[in-house]
Amino acid sequence: MPYVFTLECQKSRRLSVWLRQLIERGGLRSRFFAIDTVEELDHFERELPAALARLRPEVPFLGGDVRAWQSGTGHSRPIPGTNNADTMYRHYIAIPIEGDASLVEWWPDTADDELTPVDAETQGEAERLGLSTIAVRHRLYTARETWKLVPADPPTVRQAALHTFVELSRAEERQVRDGAREIQSTFDQRIAEAHRFVARVAAQTEEFFEIVAPDEFAAMIADRREELINRSAVTASLSFPQAWRAPAPTLVVPPVDAPAADRKVQQPVRDGLRVEARPRLAEASFADVQRVVRIWANSIERYPDAYTGLVEDRVSDLLAATLNATLPGAQREVYSRSGKSDIFVQADVLAEGSGPAKVFICEAKWATDDSVVTKAVDPQLFGYLNTHDTAAVLLLLFRQIDFDTARERRLDALRSVTGFVGETPGPSGWPIFEFRTQGRRVNLCVATVHVPPRPSADSTV
């Protein structure tokens with residue numbers, strides 16, 4: 001049961017933070033950041049008012065049925081300037097809360113200039129006098145406990161309420177009985193104080209869901225829309241002559257008398273021994289991939305500003321879309337994206353019954369240093385291998401101004417990777433590195449693309 005309206009609440013329990021957490025916990029922001037198309041963005045924008053309404057709590061307000069009672073347990077209150085103490089008894093009132101009472105735990109920070117924490121004055125006094133005396137510490141602790149939020153308790157049908165109290169000694173209680181002292185005005189002031197706080201909590205909550213959150217999402221949607229439209233325009237600017245439109249990728253299956261390393265022997269069957277060859281991507285298909293990636297990369301280098309700020313996943317998305325559009329499959333996407341490897345082709349996508357072996361893998365990396373590119377091959381790319389013969393592309397993106405020097409450094413680093421056998425020129429002008437690892441062979445096209453930043457950016461190699 002937290003104490004509320006205090007300096008600690010003002011410092012560490014800001015209502016604006018809690019309201020944004022409601023949006024986060026509801027998944028609305030994560031849904032927004034997962035949007036990849038203008039169509040998805042339009043749908044999100046249409047559904048936004050209803051989504052916010054579902055997350056919107058019922059604002060709190062105070063009821064009028066105030067209840068009073070007293071605690072029969074006394075406790076000590078130090079008498080200033082002495083070593084003595086009075087026995088004090090707390091006299092309580094409870095004010096019921098309608099709506100979402102949990103919001104009252106949070107400080108309405110848009111009203112920082114209007115509201116004063118209940119223990120601010122006592123805290124100031126304690127700082128002036130120091131906390132060395134028992135009397136000062138007691139006053140400070142008592143001030144912090146001025147208001148307590150007591151949540152609803154359904155088993156006892158108890159409603160959520162705010163509790164506050166006045167401490168009286170037996171002598172002071174006698175004065176109230178005799179009419180020499182009154183405490184009604186103290187409670188009236190407290191009730192008015194509670195109404196001010198709860199009203200500001202309600203007002204800030206209403207304003208957040210009516211104005212703040214919709215305006216913030218509107219700005220985010222506008223920015224995302226421009227980003228997606230610009231990105232689509234970049235993709236649309238990529239022109240591929242009809243002569244470059246390649247046939248669908250195909251597999252090559254070695255004959256049954258191929259070397260044992262290229263075959264997989266299965267269990268005997270009734271008619272004898274059944275031998276299943278391991279499929280691999282046809283060389284012509286791999287060459288087509290390299291040519292298309294080269295045209296795509298040339299367009300990137302013509303419009304580097306559109307790409308230099310993209311993360312690797314977004315670059316891979318664009319490349320996968322281009323490959324699927326330019327190298328058609330049988331009415332389905334051949335080039336898939338996953339969180340583990342950037343782009344891949346499984347044999348059974350090209351020929352049913354071929355199994356899930358990955359016959360093509362593409363990784364995209366910003367080539368910031370040697371370690372990034374070598375780890376992209378080993379262990380990352382090598383870790384994806386599940387067939388004997390794999391075609392692969394390592395797309396290295398360079399922001400460095402001195403592209404030639406940086407490229408040669410990264411290629412030298414790749415030549416040092418364990419398993420490197422040699423290299424040959426590829427049809428796209430990029431080298432094809434051959435690696436052998438754990439009985440598998442990888443023909444890796446190292447595609448190097450220059451995406452320079454604006455002149456003020458880092459130009460290291």
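Keep in mind that the numbers below use all heavy atoms, side chains included, and drop hydrogens, waters and symmetry copies.
Checked by atom type and distance alone, the side chain of Gln290 never pairs as donor or acceptor with a backbone atom of Ser428 at under 3.5 Å. At least one donor-acceptor pair under 3.5 Å links the side chain of Thr146 to the backbone N or O of Ala143.
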(message) Run the side-chain hydrogen bond (donor to acceptor under 3.5 Å, both in side chains) test on Asp109 and Ser16 for me, step by step, so that the C-alpha distance in whole Å, both residues' side-chain angles and the decisive distance to 0.1 Å come before the verdict.
(response) CA-CA 7 Å; Asp109 45 300; Ser16 59; 2.7 Å; yes
(request) Apply side chain to side chain contact (heavy atoms under 4.5 Å, CB included) to His163 and Ile93, showing your working. (result) CA-CA 6 Å; His163 291 189; Ile93 64 168; over 6 Å; no
(message) Leu411 vs Phe433, test: side chain to side chain contact (heavy atoms under 4.5 Å, CB included). Steps then yes/no.
(response) CA-CA 10 Å; Leu411 292 176; Phe433 284 18; 4.1 Å; yes
(request) Show your reasoning for whether side chain to side chain contact (heavy atoms under 4.5 Å, CB included) applies to Glu423 and Val446. (result) CA-CA 10 Å; Glu423 61 189 274; Val446 184; over 6 Å; no
(message) Run the side chain to side chain contact (heavy atoms under 4.5 Å, CB included) test on Val315 and Leu395 for me, step by step, so that the C-alpha distance in whole Å, both residues' side-chain angles and the decisive distance to 0.1 Å come before the verdict.
(response) CA-CA 10 Å; Val315 175; Leu395 178 65; 4.2 Å; yes
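The shortest distance between side-chain heavy atoms of Gln400 and Arg410 falls below 4.5 Å. Looking at Thr437 and Thr418, their side chains never come closer than 4.5 Å, going by heavy atoms from C-beta outward. Counting heavy atoms from C-beta on, the side chains of Val166 and Arg90 never come closer than 4.5 Å. Taking the side chain as every heavy atom from C-beta outward, Thr205 and Val201 approach each other to under 4.5 Å. For the pair Val59 and Glu206, the minimum side-chain heavy-atom distance is below 4.5 Å. Using a 4.5 Å heavy-atom cutoff, the side chains of Ile35 and Leu228 are in contact. Within the 4.5 Å cutoff, side-chain heavy atoms of Leu52 are placed close to those of Pro214. A heavy-atom distance below 4.5 Å is found between the side chains of Ile221 and Phe44.
Rounded to the nearest 0.5 Å, atoms CD1 (Ile23) and CH2 (Trp18) are 12.0 Å apart. Between atom CZ of residue Phe165 and atom CZ of residue Phe187 there is a gap of 9.0 Å, rounded to the nearest 0.5 Å. Taking CH2 of Trp430 as the reference point, atom CG of Leu444 lies at 12.0 Å (rounded to 0.5 Å). Between the OG1 atom in Thr374 and the CG atom in Asp378 there is a gap of 8.5 Å [rounded to 0.5 Å].
Looking at Trp147 and Glu193, their side chains do bring a donor and an acceptor atom within 3.5 Å of each other. Side chains of Ser12 and Glu8: a donor-acceptor N/O pair is present below 3.5 angstrom, by distance only. Checking Thr164 against Arg190 by side-chain atom types alone, a donor-acceptor pair falls below 3.5 Å. No side-chain donor from either of Ser371 and Asp369 sits under 3.5 Å from a side-chain acceptor of the other.
One finds a salt bridge joining Asp112 and Arg14 here, because a Lys/Arg side-chain nitrogen approaches an Asp/Glu carboxylate oxygen to under 4.0 Å. Contact check on Asp412 versus Arg409 returns no salt bridge, with no Lys/Arg side-chain nitrogen under 4.0 Å from an Asp/Glu carboxylate oxygen. With respect to Glu114 and Arg196, no salt bridge is recorded, no charged nitrogen being found less than 4.0 Å from a carboxylate O. With respect to Glu210 and Arg56, a salt bridge is recorded, a charged nitrogen being found less than 4.0 Å from a carboxylate O.
Ring orientation note: the planes of Phe32 and Phe217 are nearly perpendicular, at an angle over 60° on the 30°/60° scale. Ring orientation note: the planes of Phe5 and Phe197 are close to parallel, at an angle under 30° on the 30°/60° scale.
In this structure, Arg67 satisfies the cation-pi test against Trp69, with its NZ or CZ atom closer than 6.0 Å to the six-membered ring centre and inside 45 degrees of the ring normal. Geometrically, Arg13 does not engage Trp107 in a cation-pi contact defined by less than 6.0 Å to the ring centre and at most 45° from the axis. At least one cation-pi condition fails for Arg415 and Phe420: the charged atom is not both under 6.0 angstrom from the six-membered ring centre and inside a 45 degree cone around its axis. Geometrically, Arg399 engages Trp366 in a cation-pi contact, judged by NZ or CZ lying under 6.0 Å from the ring centre and within 45° of the ring axis.
Glu24 CD: more than 12 foreign heavy atoms inside a 6.0 Å radius. Around CD of Gln438, the count of heavy atoms belonging to other residues, nucleotides or ligands within 6.0 Å does not exceed 12.
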